[in-house]
Amino acid sequence: MAGEIVLGYDGSDGAKYALGAAARLAGDLGATLVPAFCFEPTPVGGEVGDYREALRELGERVIGEAGDQVRAGGIEGDPRLVEDRPAPGRARLAVELGARMIVVGSSGERPLAGAILGATPHKLLHIAETPVLVVRA
Amino acid sequence: MLGLVAGAVALQAPAVLWVSFLPMLFIAMAYLYMNRADPDCGTTFSWVTKAMGPFAGWMGGWAIVVADVIVMANLAQIAGLYTFLLFGLDGAAESVLAVTTVGVVWIVIMTAITTIGIELSARTQQFLLGAAVIALALFAGVALVKVYAGAAGPGAITPELSWFNPFAIDSVGALTSGVLLAVFIYWGWDSLVTVNEETEDSANTPGRAAIFATLILVGIYVIVATAAQAFGGAAPLVENSDDVLSALGTAVLGEPWDKILIIAVLTSAAASTQTTILPTARTALSMARAKAFPERLGVVSPRYLTPAFATILMGALSIVWYAGLTLVSEDILFDSIAALGLMIAFYYGLSGFACTIYYRRELFKSVQSFLLVGVAPLLGGLILTFVFVKSCIDLADPESSSSGNSWFGVGPPLVIGVGFLLTGVLLMLIWRSTRPEFFERRAETFKEPAPAGGRG
């Protein structure tokens with residue numbers, strides 16, 4: 001399977017598990033791995049500009065580390081920063097790239113808390129047009 | 001609020017409410033245009049720094065932070081009080097300890113929610129505001145119908161046109177203190193304009209939604225003030241100045257419909273707590289990134305993607321201020337609203353001037369830009385400066401405060417307001433002596449075309 005695998009990556013423990021699993025998968029399938037970091041400051045709070053910059057810097061650092069790790073494993077990697085909420089951002093990126101799969105880590109939230117707080121993997125499963133693989137942390 | 005305004009200007013409260021909106025409208029024009037030139041540039045702190053240099057900018061940012069900390073105490077007080085009123089625990093609502101405890105719990109909850117990044121969406125805000133507006137409209141409608149039907153009780157007066165006439169207010173002092181208090185009512189309205197701008201990407205005029213929302217906002221205040229005043233006269237408003245709506249709500253709507261009003265006040269107080277803490281933390285973040293505040297405040301939590309440290313610090317400062325103030329005296333809490341008005345007048349005034357100064361080379365290019373970018377913000381700035389100065393003079397009289405106390409021979413609101421500003425100047429100078437980098441910046445003017453996302 002040539003093509004791309006989008007990896008939802010935010011630097012959390014769950015995301016690190018997902019990175020391991022996605023890297024092995026990409027290696028076996030000969031696919032390119034695209035770690036994606038999503039962020040979106042709401043305009044409700046005002047002073048969006050500097051907040052956005054701060055998030056972008058954080059994202060670049062986190063996603064840079066992910067990219068280094070992927071490439072260190074001998075896999076082609078192409079990290080992306082996406083300015084959108086995590087679930088729709090990843091879903092959209094996957095469609096844009098024509099990716100074969102989205103890999104995310106479970107956030108480690110208990111089901112009820114996840115349902116109330118809106119766990120990203122759960123949302124992703126419902127909105128993504130691309131198949132989603134959830135790796136348990 | 002309404003009670004405090006009524007206390008200041010007697011029956012002309014409706015007039016003050018619409019008149020005091022004008023400078024706010026002018027300042028909102030300033031925000032709108034500054035936001036349009038560089039949407040990434042944030043609000044008062046960044047803009048004033050750009051247009052008027054680092055010292056004015058730092059003080060503007062400081063005033064925002066202080067105003068937000070002060071208002072948190074008042075919001076928490078309302079949220080605490082109305083939590084008890086909602087459940088009919090009127091006894092507990094009388095207890096300062098109980099109300100303050102629940103108020104502090106509200107601040108903790110809203111700080112936690114903001115820290116972990118559950119932001120009320122613009123839609124949730126609209127829903128909460130919409131619900132509040134409907135409840136207030138209901139209150140005003142029923143009250144007015146009862147007044148005209150002669151069913152409102154002995155204190156009722158039929159509304160007169162003179163209520164809406166600002167020239168009927170007999171003293172300039174009463175008008176300015178009324179405007180100072182009313183400035184607080186419209187505070188934050190400017191963010192509505194900029195949010196609208198971002199979300200709807202409108203062309204050259206402020207979005208229709210923003211104008212519509214504005215008219216509703218002003219309309220609802222004026223109508224509610226008229227209705228409340230007509231129903232019971234000015235006296236109950238002044239006597240229950242801490243809490244006009246729950247005092248009149250039962251009389252107007254009757255059980256259990258008066259609960260609608262309580263829910264509306266509670267939800268909007270809770271929502272306001274978040275819309276207060278969110279921008280404060282972001283202003284602190286902006287200032288920290290510009291090296292005007294300690295760096296720690298500019299760190300975004302990798303886990304929650306929010307300025308967690310700044311948010312928690314602001315929550316903690318609010319709690320200290322709120323609990324400390326109620327320990328001293330509950331009356332001081334109401335005095336602090338007048339002090340809050342001074343803060344808002346200060347940084348809104350700065351923002352108005354900043355817009356005119358920043359665009360000074362563009363002003364004569366068209367009539368539209370002359371009026372909207374030049375005259376309106378400048379006028380707003382001048383009016384707010386006048387209100388600031390005149391209020392300072394009036395508030396110097398200890399008799400004019402809610403508490404009637406005298407601190408250092410002057411009224412507590414002035415001590416609180418000016419005290420915070422002087423503390424700011426002191427902190428700024430200390431910061432400058434340790435970290436001079438930010439203060440080496442120079443003011444800029446607008447250059448065509450605006451550099452996209454460029455930062456000064």
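Everything quoted here is computed from the prediction, not taken from an experiment. Within every chain, numbering begins at 1; the chains are lettered A, B, ... in the order of the sequence lines, protein sequences first and strands thereafter.
- Along residues 80-91 of chain A, no residue comes nearer than 4.5 angstrom to chain B, judged on non-hydrogen atoms.
- The environment of CD in A/E129 is sparse: at most 12 heavy-atom neighbours from other residues, nucleotides or ligands sit within 6.0 Å.
- B/F293 is linked by a ring-ring contact (aromatic ring centres under 6.0 Å, His included) to B/W58, counting only residues two or more places apart in sequence or in another chain.
- Other residues, nucleotides and ligands contribute over 12 non-hydrogen atoms within 6.0 Å of the CD atom of A/E96.
- Summarising the local packing, OH of A/Y17 is surrounded by 12 or fewer heavy atoms from other residues, nucleotides or ligands at distances under 6.0 Å.
- Between B/V300 and A/A54, the shortest heavy-atom contact is CG2-CB, 3.4 Å.
- Considering CG of A/D50 and CZ of B/F45, their distance stands at 7.5 Å, rounded to 0.5 Å.
- For chain A, the nearby part of B/R289 is the side chain; its heavy atoms alone come within less than 4.5 Å.
- With contacts defined as side-chain heavy-atom distances shorter than 4.5 Å, the pair A/F37/B/L305 qualifies.
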